[in-house]
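Structure first, then comments.
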Amino acid sequence: MVKADTIEELAEKLHLPVENLKKTVARNNELVVANMDKDFGKEPYRLTPVDKKPFYGCILGGRILCTFDGLRVNNDMQVVNDKYEPIKHLYAAGNDSGGFFFGSYPDRVPGLAASHAQTFGRLAGRHAATGSIVLGETAVPATSAPVKNMQVDVDETSGASQH
């Protein structure tokens, strides 16, 4: 973590290109004034100006690699377009599927992302293979035509498919 009185000094301490950091900060501040993130779609309440010293910065490596929002999906794990219509043959699960970690990523809960990916990946795969999602003994009909003649045998104990 470094502290600086100017953006130029901050860039130098972080070994970043000075002009690039200055442009980035200026662009951020423009978006704050406009109250709209046209570059990345960040919610307006998350926009914060970078305009008062001291300035702080640090270089971080990737630790949590996910999106908070992800792709929007329906109950069949199909990715939907901007009209909330399913995009044919496109599914998303895990951290790429929308909304599960909206606004927060509880990284102090071991296995949460893995269990989410396994559960919803299985549902997406089931729907892609059969055209429906089977929850217990109830089949939930698909929003698109099912694949014909597809048999899926499931182990009673683990719930794993036998294919």
Side-chain angles (χ1 to χ4, degrees), residues 1-129 131 133 135 140 142-144 147 159-161:
M1 175 73 78
V2 297
K3 178 180 175 182
D5 288 328
T6 66
I7 295 299
E8 293 84 357
E9 180 187 0
L10 184 65
E12 288 173 14
K13 287 184 174 184
L14 293 173
H15 307 287
L16 297 173
V18 174
E19 289 307 311
N20 288 0
L21 185 58
K22 285 171 57 178
K23 287 178 186 177
T24 299
V25 169
R27 178 63 178 160
N28 175 78
N29 291 341
E30 287 174 22
L31 299 175
V32 171
V33 170
N35 201 35
M36 178 185 287
D37 184 351
K38 298 174 186 174
D39 296 343
F40 301 104
K42 188 186 297 183
E43 297 91 344
Y45 73 91
R46 294 185 187 275
L47 298 174
T48 305
V50 179
D51 58 1
K52 294 180 183 162
K53 67 178 188 177
F55 301 100
Y56 294 89
C58 63
I59 300 294
L60 297 174
R63 178 171 169 248
I64 299 174
L65 303 175
C66 77
T67 60
F68 285 153
D69 293 338
L71 300 168
R72 298 289 178 234
V73 295
N74 63 17
N75 289 339
D76 297 325
M77 305 311 294
Q78 294 171 298
V79 176
V80 297
N81 63 21
D82 59 354
K83 295 176 185 162
Y84 296 95
E85 301 163 338
I87 299 171
K88 192 173 183 176
H89 307 298
L90 185 59
Y91 294 83
N95 289 345
D96 293 325
S97 63
F100 190 76
F101 292 115
F102 176 74
S104 172
Y105 190 93
D107 64 341
R108 303 290 188 258
V109 183
L112 183 60
S115 61
H116 175 249
Q118 287 175 325
T119 300
F120 292 99
R122 179 181 166 92
L123 293 175
R126 256 253 163 106
H127 187 269
I133 295 176
L135 303 172
V140 180
T143 56
S144 61
V147 176
S161 68

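Residues V2 and K13 approach most closely at CG2-CB, 4.0 Å, considering heavy atoms. Among all heavy-atom pairs drawn from A92 and V79, the shortest one is CB-CG2, 3.7 Å. N35 and L47 get closest at one heavy-atom pair: C-CD1, 4.0 Å. Of all heavy-atom pairs between D5 and P54, the closest is OD1-CB, 4.4 Å.
Listed by chain and residue number, R27 satisfy the salt bridge (charged side-chain N to carboxylate O under 4.0 Å, His left out) test with D39 (two or more places apart in sequence, or in another chain). Taking K22 as the reference, I7, E8, V18, E19 meet the side-chain contact (heavy atoms from CB on, under 4.5 Å) condition, with sequence neighbours excluded. Every residue meeting the side-chain contact (heavy atoms from CB on, under 4.5 Å) condition with V80, not counting sequence neighbours, appears here in chain and number order: R72, N74, Y84. Contacts of E12 classified as side chain to side chain donor-acceptor pair (under 3.5 Å), with partners at least two apart in sequence or in another chain: none. A93 pairs by the side-chain contact (heavy atoms from CB on, under 4.5 Å) definition with F120, not counting sequence neighbours.
Atom CD1 of residue I59 and atom CE of residue M1 lie 11.0 Å apart, to the nearest 0.5 angstrom. Annotation: the span from N28 atom CG to T24 atom OG1 amounts to 9.0 Å, rounded to 0.5 Å. Going from atom CG of L14 over to atom CZ of F55 covers 12.5 Å, rounded to the nearest 0.5 Å. To the nearest 0.5 Å, atom CG of residue L16 and atom CG of residue L10 are 7.5 Å apart.
For the pair D37 (side chain) and E43 (backbone), a donor-acceptor distance under 3.5 Å is absent. Side chain of S97 to backbone of G94: a donor-acceptor contact under 3.5 angstrom is found.
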Exercise. Evaluate side chain to side chain contact (heavy atoms under 4.5 Å, CB included) for V32 paired with T48, printing each intermediate quantity in order.
Key: CA-CA 6 Å; V32 171; T48 305; 5.7 Å; no

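The stretch residues 49-58 participates, sequence neighbours left out, in no side chain to side chain donor-acceptor pair (under 3.5 Å) pair at all.
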